[in-house]
Colleague: 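Before I ask anything, here is the structure I am working with.
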2 protein chains.
Amino acid sequence: MKELPRISEAELEIMKVLWGKAPQTANEIIESLDLKMDWKPKTIRTLINRLVQKEAVSYHQGKGRMYEYYPLVSQDSFLQVETKSLLKRFYGVSFKPLIVNFLKEEKLSSEDINELKRILDEKSEENQRKDSK
Amino acid sequence: MKELPRISEAELEIMKVLWGKAPQTANEIIESLDLKMDWKPKTIRTLINRLVQKEAVSYHQGKGRMYEYYPLVSQDSFLQVETKSLLKRFYGVSFKPLIVNFLKEEKLSSEDINELKRILDEKSEENQRKDSK
DNA sequence: TCTATTATATTACAAATGTAATCTTAAACT
DNA sequence: AGTTTAAGATTACATTTGTAATATAATAGA
């Protein structure tokens, strides 16, 4: 397994754009971020290049001179890495308040809530199985 | 409200020590981290000083020449800030997989699970109230 | 009192990050 | 064909972070 590259805050914005749709040219990425990020186009190109160097993103020549970029790191694996890294950072800090905070902040649909409860039930069962052994 | 200072990964280790017990002298902090962190004492002192500059930590003179350091930022407010910042980073990324990841990673006691379910129930009710309006 | 310790303060330096500008080169227009 | 445009490559520069070492000053010991 290859280590996932470390993706900085600013670089993450590029990744999110590419996770939403890929491949995209630099100009398309720039346009996507235009309203949101108040970055100069050159800045965005720098970030894209850094992601290429880090092998989080790659590209191929599209039609004409322009490159089309696509993500090499999936959103899913990134989420997993970040989750673990956050847990590691907070190791030794009680975990529950963290989750509680999350749940409080976030707007969740009824379906989401049900799924989360289902997961908790599974955890619950796991606990019991272990207790009774 | 004062903005909370940004606390780096390494600095966080110092904070965790001080959240566990305060005040502590630099030497006590160094000793606490001795096994855990493979850092030179000078490194730890640098980190402490940076936290003082950032006003995340302060100190007063203890008995003798040594300072006693204590946190100015509570673990609670830090957790809240980090939670929000993570959510902001992931804004636009679906939220549920994040929580699901957390729940899967973590070992939770039965009491924890019950509390989380209670919170979910509350959210559920909130949703209903809104729907019926 | 002079000297050795040692806490604290100051300085160091490379890598990562945020934020671009300039340079080069190839394509498009005249 | 010569010139303008504009991708992409290279370079820039300040700040933050990781990881200390050196300098200073005050205390403790001889």
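Quantities reported herein were computed from a predicted structural model and do not represent experimental measurements. By convention in this document, chain letters (A, B, ...) are assigned in the order of the sequence lines, proteins followed by strands, and residues within each chain are numbered from 1.
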Colleague: Without decimals, in angstroms, what is the distance between A/I14 CD1 and C/dT17 P?
Modeller: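 Roughly 14 Å, once rounded to whole Å.
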Colleague: Below 3.5 Å between N/O atoms, which protein atoms pair up with nucleotides 19-23 of chain D? Just atom names and distances, please.
Modeller:
{"residue": "D/dT19", "atom": "OP2", "partner": "B/W39", "partner atom": "NE1", "Å": "3.2"}
{"residue": "D/dT19", "atom": "O4", "partner": "B/R50", "partner atom": "NH2", "Å": "2.9"}
{"residue": "D/dA20", "atom": "O5'", "partner": "B/T43", "partner atom": "OG1", "Å": "2.8"}
{"residue": "D/dA20", "atom": "N7", "partner": "B/T46", "partner atom": "OG1", "Å": "2.8"}
{"residue": "D/dA20", "atom": "N6", "partner": "B/T46", "partner atom": "OG1", "Å": "2.7"}
{"residue": "D/dT22", "atom": "O4", "partner": "B/K42", "partner atom": "NZ", "Å": "3.0"}

Colleague: Where the side chain of A/N49 is defined as all heavy atoms beyond and including C-beta, which of D/dA9, C/dA7, D/dG18 is the nearest nucleotide?
Modeller: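 Shortest atom-to-atom distance from the side chain points to D/dA9.
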Colleague: In whole Å, what is the span from the CD1 atom of A/I48 to the C1' atom of D/dT10?
Modeller: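 So the two atoms are 16 Å apart, to the nearest Å.
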Colleague: If you take all heavy atoms of B/S32 and B/Q24, which pair is closest and at what distance?
Modeller: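 Smallest heavy-atom distance, with atoms named: OG-OE1, 3.8 Å.
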Colleague: Among D/dT17, C/dG18, C/dT17, which nucleotide has an atom closest to any side-chain atom of A/K54?
Modeller: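 It is C/dT17.
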Colleague: In whole Å, I'd like the distance from the CD atom of B/E31 to the P atom of C/dT6.
Modeller: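 Going from B/E31 (CD) to C/dT6 (P), I get 15 Å.
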Colleague: Looking only at heavy atoms, what is the nearest atom pair of A/E11 and A/K54, with distance?
Modeller: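 Distance-wise, the nearest heavy atoms are OE1-NZ, 2.6 Å.
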Colleague: Want to settle it: does A/R65 or A/E9 sit nearer the 5' end of DNA chain C, counting the closest nucleotide to each?
Modeller: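 Upstream on the strand: A/E9.
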Colleague: Rounding to a whole Å, what distance do you find between A/I7:CD1 and C/dA16:P?
Modeller: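 In whole Å, C/dA16 P and A/I7 CD1 are 15 Å from each other.
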Colleague: Could you state the atom-to-atom distance from CD1 of B/I44 to C1' of C/dT8 in whole Å?
Modeller: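 To the nearest whole Å, that distance equals 15 Å.
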Colleague: Restricting to non-hydrogen atoms, name the atom on B/E55 and the atom on B/L72 that form the minimum distance, rounded to 0.1 Å.
Modeller: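 Looking at all heavy atoms of both residues, the shortest contact is O-CD1, 3.6 Å.
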Colleague: Anything under 30° is parallel, anything over 60° is perpendicular, the rest tilted; go ahead and classify B/Y67 against B/Y59.
Modeller: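 Plane angle under 30°, so parallel.
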Colleague: Rounded to whole angstroms, how far apart are CZ on B/R45 and C1' on D/dT17?
Modeller: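 Computing the B/R45:CZ to D/dT17:C1' distance gives 20 Å.
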Colleague: Take atom CG of B/L51 and atom P of D/dT16, then tell me their distance rounded to the nearest Å.
Modeller: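 About 14 Å, once rounded to whole Å.
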Colleague: If you compare all heavy atoms of B/P71 against all heavy atoms of B/M15, which two are closest, and at what distance to 0.1 Å?
Modeller: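 Distance-wise, the nearest heavy atoms are CB-CE, 4.0 Å.
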Colleague: Can you measure B/M66 atom CE to D/dA26 atom C1' for me and round it to whole angstrom units?
Modeller: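 Between C1' of D/dA26 and CE of B/M66: 13 Å.
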Colleague: Tell me which of A/G64 and B/Y67 sits closer to the 5' end of DNA chain C, going by the nucleotide each one is nearest to.
Modeller: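 That would be B/Y67.
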Colleague: Can you see which heavy atom on A/A10 is nearest to which on A/W39, and at what distance?
Modeller: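 In terms of heavy atoms, the two residues are closest at O-CH2, 3.5 Å.
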Colleague: What are the two closest non-hydrogen atoms of B/I113 and A/L120, and how far apart are they?
Modeller: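 The pair with the smallest heavy-atom distance is CG2-O, 3.8 Å.
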